[in-house]
Amino acid sequence: VNEGRRAPVAFGVDIGGTKVLGVAVDHTDAVVGEARVGTPASAADPAGTVAGAAAAVADAVAEVVAALGHEAGAGADPASPVGVGVPGMLDRDGVLRFSPNLRGAVGADMRALVAARLPLSELLVENDANCAAVAEHRSGAARGADDAVVVTLGTGIGGGLIGAGRVVVGAHGFAGEIGHMLVDPSGPPCPCGRRGCWERFASGGGLGRLAREAAGAGRLGDVVTLAGGDPELVWGEHVTQAALSGDAGSLEVMDELAWWVALGLANLTAVLDVERFVIAGGLAEAGEILLGPTRRAFAELVEGSGARPRVEIVRAAYGERAGAAGAAMAARDGGLW
Ligand SMILES: [Zn+2]
């Protein structure tokens with residue numbers, strides 16, 4: 001036991017496409033514990049039963065909360081508030097209405113399912129990207145920016161909107177589905193059922209697609225070797241790693257990705273007059289090799305570039321923990337505000 005460590009006061013869990021990540025936060029918003037399990041395979045399976053998939057996800061959440069409590073030791077309060085971030089369109093009653101990345105659980109009352117497994121805890125269940133926005137706005141890279149967007153570039157793209165200092169949830173709780181802005185109506189199919197959504201181009205999945213195109217055209221020789229010799233086996237992670245070590249072909253692919261990221265940010269700026277974008281999610285790990293070219297492309301793409309104050313594009317402070325940390329903070333403080 002680390003005697004100097006501060007006591008956790010709330011737990012947060014972020015249900016992702018590949019992992020269920022939990023953190024404990026203290027009263028200063030610092031992350032003081034972490035636990036994770038894999039996302040149940042049934043969560044993404046549209047052929048299984050909703051009840052089975054949703055129960056498996058709720059079980060995973062309870063398992064992560066138990067692990068966080070165990071890690072916190074004897075001093076942990078079993079009734080600590082718990083916040084849960086859910087990917088997709090969650091209505092204000094806690095029912096998952098639409099979710100390309102958690103499609104097996106669509107229709108389930110996620111709030112009731114988790115509450116049944118954590119009967120002692122005060123519980124908050126919210127959209128995952130809204131939770132990430134809470135963390136970054138209160139104590140992270142969006143602090144002090146009352147008109148900001150937290151953009152989570154992961155498998156897909158999540159968005160948390162901050163307007164006039166508050167999280168904007170919309171009329172039904174569905175605001176911030178920025179990954180599904182259409183940017184090319186004849187583009188590649190999206191798990192949401194349409195074509196050419198922004199997240200098909202500017203996410204980790206989009207990077208993989210751009211990378212395989214470049215590999216197929218012979219522009220990524222070293223990376224293809226790294227991936228085992230087959231251009232079809234090149235993933236976004238391979239290109240990110242190679243770009244970080246200076247591979248010229250991979251840096252070109254990152255520039256292409258940055259253009260697509262900037263296109264969406266320019267559209268959001270036209271609607272919302274944003275003062276700062278905070279980039280979170282797995283792709284944020286690429287840092288300046290993505291953010292530098294994104295700033296340059298944004299300056300060319302945004303309306304009235306020379307006539308508006310500079311819009312900041314910065315990396316998230318909480319990294320991949322933003323959703324879980326924000327869920328914990330919101331649970332601790334009784335809501336998103
Ligand atoms: Zn879509």
Side-chain angles (χ1 to χ4, degrees), residues 16-19 101 132 141 149-159 178-179 181 183-184 187-191 195-268 277-302 311-322:
T18 58
K19 63 180 180 291
N101 297 319
V149 180
V150 176
V151 182
T152 303
L153 302 179
T155 312
I157 299 180
I178 61 176
M181 296 188 294
V183 295
D184 179 359
C190 181
R195 284 186 170 272
C197 292
W198 186 35
E199 73 168 40
R200 288 302 90 213
F201 296 90
S203 64
L207 173 60
R209 203 173 50 77
L210 291 172
R212 286 186 286 280
E213 279 176 16
R219 288 161 46 207
L220 288 177
D222 294 347
V223 180
V224 174
T225 308
L226 192 73
D230 181 352
E232 286 304 307
L233 294 180
V234 171
W235 287 80
E237 289 83 353
H238 297 128
V239 176
T240 307
Q241 282 311 313
L244 284 168
S245 52
D247 177 68
S250 298
L251 286 166
E252 276 177 33
V253 173
M254 294 305 286
D255 283 355
E256 280 181 62
L257 174 70
W259 188 89
W260 285 106
V261 173
L263 179 70
L265 302 188
N267 287 344
L268 290 165
F277 288 104
V278 173
I279 309 298
L283 279 184
E285 305 300 319
E288 284 304 307
I289 61 167
L290 175 61
L291 297 186
T294 297
R295 291 186 195 105
R296 289 192 287 278
F298 177 83
E300 290 172 14
L301 290 164
V302 73
V311 179
E312 296 172 285
I313 301 172
V314 301
R315 186 172 167 176
Y318 281 90
E320 67 165 0
R321 300 190 181 99

Exercise. Taking S250 for the side chain and G246 for the main chain, is one N or O donor matched with an acceptor at less than 3.5 Å?
Worked result: no

Exercise. Taking all atoms of both residues into account, what is the closest heavy-atom pair of G187 and R195, and its distance?
Worked result: O-NH1, 2.9 Å

Seminar exercise, completed: For L220 and A211, the nearest pair of non-hydrogen atoms, with its separation, is CD1-O, 3.4 Å

For this session: Show your reasoning for whether side chain to side chain contact (heavy atoms under 4.5 Å, CB included) applies to L283 and L257.
Result: CA-CA 10 Å; L283 279 184; L257 174 70; 3.9 Å; yes

Exercise. Closest approach of W198 and I178, non-hydrogen atoms and distance?
Worked result: CE3-O, 3.4 Å

Seminar exercise, completed: Between the CD atom in E256 and the CD atom in E252, the distance rounded to the nearest 0.5 Å is 8.0 Å

Exercise. Of the non-hydrogen atoms in V234 and A215, which two are nearest, and what is the gap between them?
Worked result: CG2-CB, 4.0 Å

Exercise. For F298 and A262, which heavy atoms make the closest approach, and how far apart are they?
Worked result: N-CB, 3.5 Å

For this session: Could you check if a side-chain atom of L153 sits within less than 4.5 angstrom of a side-chain atom of L207, using non-hydrogen atoms only?
Result: no

For this session: Have a look at F277 and tell me which of V150, V314, L291, L268 forms a side chain to side chain contact (heavy atoms under 4.5 Å, CB included) with it.
Result: L268

For this session: Take V311 and V302 through the test side chain to side chain contact (heavy atoms under 4.5 Å, CB included) and record every step on the way to the result.
Result: CA-CA 10 Å; V311 179; V302 73; 5.8 Å; no

Problem set entry | Sidechain-backbone polar pair: W260 side chain, E199 backbone, donor-acceptor under 3.5 Å | no

For this session: Could you tell me whether R296 and E300 have a side-chain N and a carboxylate O separated by less than 4.0 Å?
Result: no

Problem set entry | S203 side chain vs R200 backbone, donor-acceptor pair below 3.5 Å | no

Problem set entry | Which atom of R209 lies closest to which atom of F201, heavy atoms considered | NH2-CD2, 3.1 Å

Seminar exercise, completed: The reported gap from OG1 in T294 to CG in L263 (rounded to nearest 0.5 angstrom) is 11.5 Å

For this session: Calculate, to the nearest 0.5 Å, the distance between atoms CD1 and CD1 belonging to I279 and I313 respectively.
Result: 6.5 Å

Exercise. Could you walk me through whether E285 and R315 pass the salt bridge (Lys or Arg N to Asp or Glu O under 4.0 Å) check?
Worked result: CA-CA 9 Å; E285 305 300 319; R315 186 172 167 176; 3.6 Å; yes

For this session: Kindly indicate whether the side chain of H238, heavy atoms from C-beta on, has any atom under 4.5 Å from the side chain of L233.
Result: no

Problem set entry | Worked check of side chain to side chain contact (heavy atoms under 4.5 Å, CB included) between W259 and L301 | CA-CA 9 Å; W259 188 89; L301 290 164; 3.9 Å; yes

For this session: Answer yes or no: is there a donor N or O on one side and an acceptor on the other, between the side chain of T152 and the main chain of A280, under 3.5 Å?
Result: no

